[in-house]
Amino acid sequence: LWPWLLASSGLSALVQLVTLPFFPDSPSYLLIQKGNEEACRKAVRKLWGEGDHQAEIDDIMKEKGAMASTKTLRVLEVIKERSLRWQLYILMTVMTTLQLCGINAIYFYSFEVFHTAQFEEYLIPYVSLGVGLCECLSSILCSTLIDRFGRKVLLWGGYLLMCSVLALLTMSLSLQHQYFWMHYFSVILIFLFVVFYGIGP
């Protein structure tokens, strides 16, 4: 079953490969990058139907004007530019914490935790699949929450909850030989961690 599940991800790529040539180019790409206003109007009509879309085209024209007056910076120039320093620090912090947040450790050790929790061998791959599905569903949930609460709240809340879950998971793994129910508590914590990871970072 696993080879088929792994191969199924190629199905969506194949659908995209076949259908992509039939999609219209982005109106902003056609107007800003290519400078072709007529093709831009055709793409707008194809995307949004017939009607007066002059306001949208005017917005794209304003964007084109703003981009023309903006200097494109190289990587070293971005690093040296003082006005971009804080944005660069924030970006580096977010990306570093994302890599070191513990999600890879959770995925790596989850099989062992499930095994210790005395799940049947044939069930463990399905429970692991459930963890991945949990992350997928929580990412979809995040897309609905981000407009209501904002990115900052979700990042802070996600990392705070993930730290709490990791602390509890460390405690539950240390005590799993003393209390039989700690195995199951660890499994619940793994699912919670993945949910908070999907909603937050």
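The basis for the numbers below is simple: all heavy atoms, side chains too, and nothing from hydrogens, waters or symmetry mates.
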Inset, instruction - Report the residue from L168, T170, L175, L169 that forms a side chain to side chain contact (heavy atoms under 4.5 Å, CB included) with S172. - result: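 It is L169; the other options fail the test.
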Following the transitive rule for hydrophobic clusters with a side-chain heavy-atom cut-off under 4.5 Å over Ile, Leu, Val, Met, Phe, Trp and Tyr, establish whether [X] and [Y] coincide in one cluster.
{"X": "V153", "Y": "L141", "result": "yes"}
{"X": "I188", "Y": "I103", "result": "yes"}
{"X": "I190", "Y": "F108", "result": "no"}
{"X": "F180", "Y": "M171", "result": "yes"}
{"X": "I106", "Y": "Y109", "result": "no"}

Inset, instruction - Flag yes if more than 12 heavy atoms outside E112 fall under 6.0 Å of its CD atom; otherwise flag no. - result: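 Open: at most 12 neighbouring heavy atoms sit under 6.0 Å from CD of E112.
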Legend entry - Salt bridge R41-E37, side-chain N to carboxylate O under 4.0 Å: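 Salt bridge between R41 and E37, a charged N being under 4.0 Å from a carboxylate O: yes.
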Inset, instruction - Taking the side chain as every heavy atom from C-beta outward, state whether W156 and L160 have any atom pair closer than 4.5 Å. - result: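 No. Closest side-chain heavy atoms not under 4.5 Å.
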Inset, instruction - Over 60° means perpendicular and under 30° means parallel, so classify the ring planes of F191 and F114, tilted if in between. - result: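 Ring orientation of F114 relative to F191: tilted.
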Inset, instruction - Classify the angle between the aromatic ring planes of Y179 and W181 as parallel (below 30°), tilted (30 to 60°) or perpendicular (above 60°). - result: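 Judged by the thresholds at 30° and 60°, the geometry between Y179 and W181 is tilted.
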Where do [X] and [Y] come nearest, in terms of heavy atoms and distance?
{"X": "I146", "Y": "L154", "value": "CA-CD1, 3.7 Å"}
{"X": "R151", "Y": "G200", "value": "NH1-O, 3.4 Å"}
{"X": "V165", "Y": "L189", "value": "CG1-O, 3.3 Å"}
{"X": "P27", "Y": "C40", "value": "O-SG, 3.5 Å"}

Inset, instruction - Would you tell me whether Y159 and T97 have side-chain atoms, one donor and one acceptor, within less than 3.5 Å of each other? - result: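 Indeed, the side chains of Y159 and T97 share at least one donor-acceptor pair under 3.5 Å.
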Legend entry - Donor-acceptor pair between E135 and Y107 side chains, under 3.5 angstrom: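 Result is yes, a qualifying pair exists.
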Legend entry - K80 backbone acceptor or donor facing R85 side chain under 3.5 Å: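 Checked: pair present.
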Legend entry - A13 backbone acceptor or donor facing Q16 side chain under 3.5 Å: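 It does not hold such a pair.
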